[in-house]
Protein chains: 2
Amino acid sequence: MAKTRWLDEQEMAAWIAFLEVSHRVFRSVEAQLKEDEGLSHAQYEILVKLSAAGEAGLRMTVLADSLITPKSGLTYQVGRLEQSGLVTRTACDSDVRGVTARITPRGLDVLRAAAPGHVARVREVLIDLMDRPQLLALADALGTVNGRLREGTGGTA
Amino acid sequence: MAKTRWLDEQEMAAWIAFLEVSHRVFRSVEAQLKEDEGLSHAQYEILVKLSAAGEAGLRMTVLADSLITPKSGLTYQVGRLEQSGLVTRTACDSDVRGVTARITPRGLDVLRAAAPGHVARVREVLIDLMDRPQLLALADALGTVNGRLREGTGGTA
DNA sequence: GTGTCATCGTTCAAATTCGAACCACGTGTC
DNA sequence: GACACGTGGTTCGAATTTGAACGATGACAC
């Protein structure tokens with residue numbers, strides 16, 4: 001292994017800030033959803049993706065990839081949402097192995113009810129704490145990072 | 001509740017990017033530490049904080065606050081590290097209830113051994129994916145957010 | 001068609017996470 | 001000192017998370 005390139009002061013500042021903000025934001029968002037709506041953030045994200053997918057629904061693998069979560073965890077959470085009647089699971093037409101998840105009308109209701117409180121919290125702990133230039137800069141920087149991470153999917157290992 | 005202020009396109013872009021990057025980065029960092037060093041990121045962070053605290057060590061509560069993690073989880077992880085001989089726990093002098101955690105020489109060794117691989121991964125999935133202006137902008141924006149979150153500790157709820 | 005290999009989603013066991021309840025102890029008041 | 005009240009850490013149980021193993025297909029070559 002080559003000699004370690006340690007983080008300089010600015011890089012360290014970026015990493016630390018990223019770490020701390022992430023912890024704070026997710027803890028806060030998680031708490032809000034749980035207390036007010038009885039949903040975990042993971043479940044909320046699933047509902048959002050399925051809502052965006054509409055009637056067609058989404059294959060489990062596609063959903064897992066787009067949520068950047070292990071498949072086994074997704075199986076668990078979707079099962080949970082299915083029990084609650086917010087989501088359905090049906091065999092895929094084109095591939096017997098495949099399973100398509102769809103949001104139910106009740107799932108849509110729950111999502112619509114949860115959205116305002118969730119958005120408000122996201123504003124409180126992140127969005128509204130920056131001015132517009134900072135917001136744009138953040139979106140730009142993380143957008144770049146995200147794009148490169150997508151390219152090299154798995155290339156990181 | 002006032003009418004919901006939904007996120008506009010730019011705000012949404014920032015939030016989505018933040019979400020996705022966070023998931024990818026933490027998953028990758030977690031995997032690297034686990035595979036290469038047998039440590040969770042939580043444990044690594046504890047060792048870093050204790051290492052910075054030196055001989056004096058840190059009180060559990062202080063540590064929990066600085067790691068932005070629930071106390072019960074910290075108790076668990078510190079217990080785990082103590083079993084592995086990387087950390088010690090001793091009663092606090094000034095307060096019998098208090099517990100001071102300290103890193104052991106072996107803990108320092110483990111940390112020093114783990115650091116290069118960890119830093120390399122952090123570079124791969126975040127730091128090195130931005131140019132310098134983006135890095136600075138990220139540090140600025142998240143630094144601002146972090147400062148405001150610290151002020152209003154708990155004020156979010 | 002038959003064999004081989006990747007893919008799909010689930011299942012499994014083990015580890016971790018969380019908040020709430022809890023006990024022991026400081027802190028301040030009278 | 002006795003009291004009420006806040007704090008420090010741990011314990012507890014329930015829910016969740018993870019990668020690895022698994023069974024059942026697809027896909028593709030021969």
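Chain letters run A, B, ... following the sequence lines, proteins first and then strands; every chain starts at 1.
- A/Arg102 and A/Thr90 are linked by a side-chain donor-acceptor pair at a separation below 3.5 angstrom, with hydrogens and angles left out of the test.
- Put simply, B/Arg80 has a side-chain N or O that comes within less than 4.0 Å of OP1 or OP2 on C/dT16.
- If you find the closest nucleotide of DNA chain D to B/Ala31 and to A/Lys34, the one lying nearer the 5' end belongs to A/Lys34.
- At the phosphate of C/dT17, neither OP1 nor OP2 sits under 4.0 Å from any side-chain N or O atom of A/Arg27.
- With distances taken from any side-chain atom of B/Ser72 to the nucleotides D/dT11, D/dT16, D/dT10, the minimum falls on D/dT11.
- Atom NE2 in B/His41 sits about 15 Å away from atom P in C/dT16, given to the nearest Å.
- For B/Arg89 and D/dG8, the CZ to P distance is 17 Å, given to the nearest whole Å.
- In this structure, the CZ atom of A/Phe26 is 16 Å from the P atom of C/dT17, given to the nearest Å.
- Rounding to whole angstrom units, CG of residue A/Leu33 and C1' of C/dC18 are separated by 15 Å.
- Of the candidate nucleotides D/dT18, C/dC25, C/dA20, C/dC25 has the atom nearest to the side chain of B/Val96.
- Here C/dA15 presents its C1' atom at 10 Å from CD of B/Gln43, a figure rounded to the nearest Å.
- The pair A/Asp128-B/Arg5 meets the salt-bridge criterion, since a charged nitrogen lies less than 4.0 angstrom from a carboxylate oxygen.
- We find that CD1 of A/Ile68 is positioned 16 Å from C1' of D/dT17, with the value rounded to whole Å.
- For B/Glu45 and B/Lys49, the salt-bridge test fails: no basic side-chain N is under 4.0 Å from an acidic carboxylate O.
- Atoms CD (A/Gln77) and C1' (C/dG9) sit 16 Å apart, rounded to a whole Å.
- Between the side chains of B/Ser40 and B/Glu30, no donor-acceptor pair of N or O atoms lies under 3.5 Å.
- Side-chain polar atoms of A/Thr88 and A/Glu82 form no donor-acceptor pair below 3.5 angstrom.
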Taking only N/O atoms, report every protein-nucleotides 5-8 of chain C pair under 3.5 Å with atom names and distance.
unit_1	atom_1	unit_2	atom_2	d
C/dT7	O2	A/Arg97	NH1	2.3
C/dC8	O3'	A/Arg59	NH2	3.4

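- Between A/Arg121 and A/Ser28, the side chains place a donor N or O and an acceptor N or O closer than 3.5 Å (distance only, hydrogens not considered).
- Taking atom CD of residue A/Gln32 and atom P of nucleotide C/dG19, one finds them 14 Å apart after rounding to whole Å.
- Taking the six-membered ring for Trp, B/Phe26 and A/Phe26 have ring centres at least 6.0 Å apart.
- For A/Tyr76, counting side-chain heavy atoms from C-beta on, the closest listed nucleotide (D/dT16, C/dG19, C/dG9) is D/dT16.
- Map A/Leu74 and B/Gly73 each onto its nearest nucleotide of DNA chain C; the residue landing nearer the 5' end is A/Leu74.
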